[in-house]
Number of protein chains: 2
Amino acid sequence: MTPRKKQSSAPSPHAVSMADLARELGVSMTTVSRALSDHHSIGAATKQRVLKLAKKLNYQPNHLAAALRKGQSRLLGVVVPYIEGKFFPSVIQGIEQAASKAGFSVIVCQSHEDVQLERRNVETLLHAQVAGVLVSLARNTLEFHHFDKVRERGIPLVFFDRIPASEFVNSVVLDDRAGGFAATNHLLEQGCRRVAHLAGPQHLNIYRQRQQGYLDALAAHGLEPQQELIIYSDMTQEEGAQATRQLLTLANPIDGIFGAGDSVILGALQTLKGQGIRVPRDIALAGFSNEGFTAITEPRLTSVDQRCEEMGEAAVRLFLELAAAPEAQFQQRQVVLQPELFIRESSLQAVG
Amino acid sequence: MTPRKKQSSAPSPHAVSMADLARELGVSMTTVSRALSDHHSIGAATKQRVLKLAKKLNYQPNHLAAALRKGQSRLLGVVVPYIEGKFFPSVIQGIEQAASKAGFSVIVCQSHEDVQLERRNVETLLHAQVAGVLVSLARNTLEFHHFDKVRERGIPLVFFDRIPASEFVNSVVLDDRAGGFAATNHLLEQGCRRVAHLAGPQHLNIYRQRQQGYLDALAAHGLEPQQELIIYSDMTQEEGAQATRQLLTLANPIDGIFGAGDSVILGALQTLKGQGIRVPRDIALAGFSNEGFTAITEPRLTSVDQRCEEMGEAAVRLFLELAAAPEAQFQQRQVVLQPELFIRESSLQAVG
DNA sequence: TTGTACGCGTTATCAG
DNA sequence: CTGATAACGCGTACAA
């Protein structure tokens, strides 16, 4: 009815702005802004007055407005394939902590292993005006044009774990090759002579590297790699079971399996037990990811830990560096973390 | 060097705004705005021209500015205790899908079971100017003043799963009591006569309800509840093991255990197997949450499924209703979902 | 149907 | 050290 009528002292129901503080104190908005952002040229007394009133009126800064003005928000966008299991939640945990320390909030989107959704996620994040984008690729992402927009806008872009194949990007990865080596080497040191490998999709860097580590270990022990011992799949539990059945038909029997994931090894374990084959005595097992369930199975599963939290932290650190030096983002910068092998009963040959 | 010099036609490197489109087309910003938001009073021809140029110049709407203008963003804030395990990821999945359908993006924050962090999360979300807040409480949240600010700002607030004890709030919950009943009743029907209960912290609604369901089932079978059969803990695997050891010392032996969570039952299972007690023949087991690992253990664990995705969807629906009718948010509105019992070997008495 | 002008809450620039 | 003023990009009464 009387839209223009100035409410004298009753604060507007939603939100109290810098203007309100300024009016109340009889100073300018500039002064208020400076007091709140701890600018150097501000009287100590004035500053205190402002801060006090701000607390009293429960002033909440409108970050949207600040972001609009500065063309930069304090939001960090993260795109991951999924958040089930142990790996991604833990990485996100690392991201959140490091981001929070630097004053950033985190938005998480899931691509559900679908490029289409990944594309939309990137759009969403750009719409939200994020200050940076952290991505782990969907399984079927083979083309990367949807990330061009991010770069074009000058927004720092960091890939982690699953990174583009042959692109000039900034990234944080685990030394998957070293992990594959450690696991396979361990099996060989336990006395295995014919170790099979349940490999993942080879267009993903991580699975290529894990296989490479497997091959390295064989070579280090003077063994020839054999076609029939390497089985490719999407590494589900089901596929692990199937692959294992296939391996059991070989004339020359195997005595160890290194899987590029834990689920695939879980499938293997269940199949072996179902057939009365003893683990690790007959066939020893080692997986990758150190999932929670590796400590539940019987026997418990040996697995490679991926330093999840560290990866998240490293990704944020890299983002912060890129944000500080905008022109640096066209460089290729790669952080490599060292994995750690967790040895459990599935791979330990009884002593004596 | 020449900061004020107007670049004639070269678009500014970052972002192309409505003003750019308007200038290029020789129309006003209003027209552009209307064309883009599909306003009714806009010439079809003009609209096409605008849309075409927008696509050509790769115009990206600045949602921040829109949000600032309208005092409302299209962001939905979610606070959960953690994202490990199955439950919360699945709920979030449900939230994301429903939110996306309604044109909202989702920010997820973890409280890590810490009220302090939960408080900060709420602040963060308010700073991000979210349009709504969806919360599942931290384990040690006993006071709820940090949510007052949300209400004061007129932002829809929906609790799910772990909700405040005696507060007038809008919420989505599972019928935990029915779940507790179903699981316990099933054990009793399988022939158990002395069923113990591994209970959770009673200040959390969900665990109170599950215990209530346990008691209901006992009563339905004409059994008296007994103090010594109910053991309270935080329901970790470790505590499940410990509680089980304690139960095994009872003079009058038990023949079944219903746990308010799956981890606690996992601990029980391992302890029982370690002591050579057969499951389910000697003692039958049933848990709650239908975690992934319930299908891995030997025997596999009977458990109550929580309809995670549905819960997420329901929470978003409730949010949308509140957003549509702002005055309704002080009502108490509760959506209750029905659980489903997944029966596996841990509770099945061999026939004959 | 289209255009003008203002304000959302903040910060940067410049002048005092 | 402080204040006035102009943006940031968008939506919307109001006028044409």
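Protein chains get the first letters and strands the later ones, always in sequence-line order, with residue 1 at the start of each. Remember, it's a predicted structure, so these values are computed and weren't measured experimentally.
Bending across the helix from dT1(C)-dA16(D) to dG16(C)-dC1(D), expressed as the angle between its end axes from five pairs apiece, amounts to 40° (10° rounding).
For the pair L68(A) CG and dA12(C) C1', the computed distance is 14 Å after rounding to whole Å. In this structure, L36(B) atom CG and dC10(D) atom C1' are separated by 11 Å, rounded to whole Å. Distance L21(A) CG to dT2(D) P: 16 Å, rounded to the nearest Å. Here dT10(C) presents its C1' atom at 15 Å from CZ of R74(A), a figure rounded to the nearest Å.
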Scan nucleotides 12-16 of chain D against the protein and return all N/O pairs shorter than 3.5 Å with their distances rounded to 0.1 Å.
residue	atom	partner	partner atom	Å
dT12(D)	O4	T30(B)	OG1	3.4

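Take R139(B) and apply the salt bridge (Lys or Arg N to Asp or Glu O under 4.0 Å) test, not counting sequence neighbours, and it matches D234(B). Residues meeting the salt bridge (Lys or Arg N to Asp or Glu O under 4.0 Å) test with R120(B), sequence neighbours left out: none. The ring-ring contact (aromatic ring centres under 6.0 Å, His included) test applied to Y59(A) returns no partner, not counting sequence neighbours. Scored by the ring-ring contact (aromatic ring centres under 6.0 Å, His included) test, F319(B) finds F104(B) as partners (sequence neighbours excluded). A search for salt bridge (Lys or Arg N to Asp or Glu O under 4.0 Å) contacts involving R162(A) returns E113(A), not counting sequence neighbours. Judged as a ring-ring contact (aromatic ring centres under 6.0 Å, His included), and not counting sequence neighbours, the contacts of F159(B) are F147(B). In this structure R69(B) satisfies the salt bridge (Lys or Arg N to Asp or Glu O under 4.0 Å) test with no other residue, sequence neighbours excluded. In this structure H63(B) satisfies the ring-ring contact (aromatic ring centres under 6.0 Å, His included) test together with H127(A), sequence neighbours excluded.
Non-hydrogen atoms lying under 4.0 Å from DNA chain D are contributed by S41(A), I42(A), G43(A), T46(A), all within residues 39-67 of chain A.
Proximity of T31(A) to the phosphate of dT2(D): no side-chain N or O atom is located under 4.0 Å from OP1 or OP2.
Distance alone, capped at 3.5 Å, is enough to place a donor-acceptor pair between the S136(A) side chain and the F160(A) backbone. Panel note: side chain D114(B), backbone A138(B); no donor-acceptor pair is recorded below 3.5 Å.
Nucleic acid contact class of M18(B) (heavy atoms, under 4.0 Å, all strands): sugar-phosphate only.
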Please tabulate, for side-chain N and O atoms in residues 27-40 of chain B, each donor-acceptor pair with protein atoms closer than 3.5 Å (sequence neighbours left out).
residue	atom	partner	partner atom	Å
S28(B)	OG	T30(B)	N	3.3
S28(B)	OG	T31(B)	N	3.3
S28(B)	OG	T31(B)	OG1	3.2
S37(B)	OG	S33(B)	O	2.8
D38(B)	OD1	K47(B)	NZ	2.6
H39(B)	ND1	S41(B)	N	3.1
H39(B)	ND1	S41(B)	OG	3.1

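Among the nucleotides dT10(C), dG3(C), dG3(D), the one closest to the side chain of V27(B) is dG3(C).
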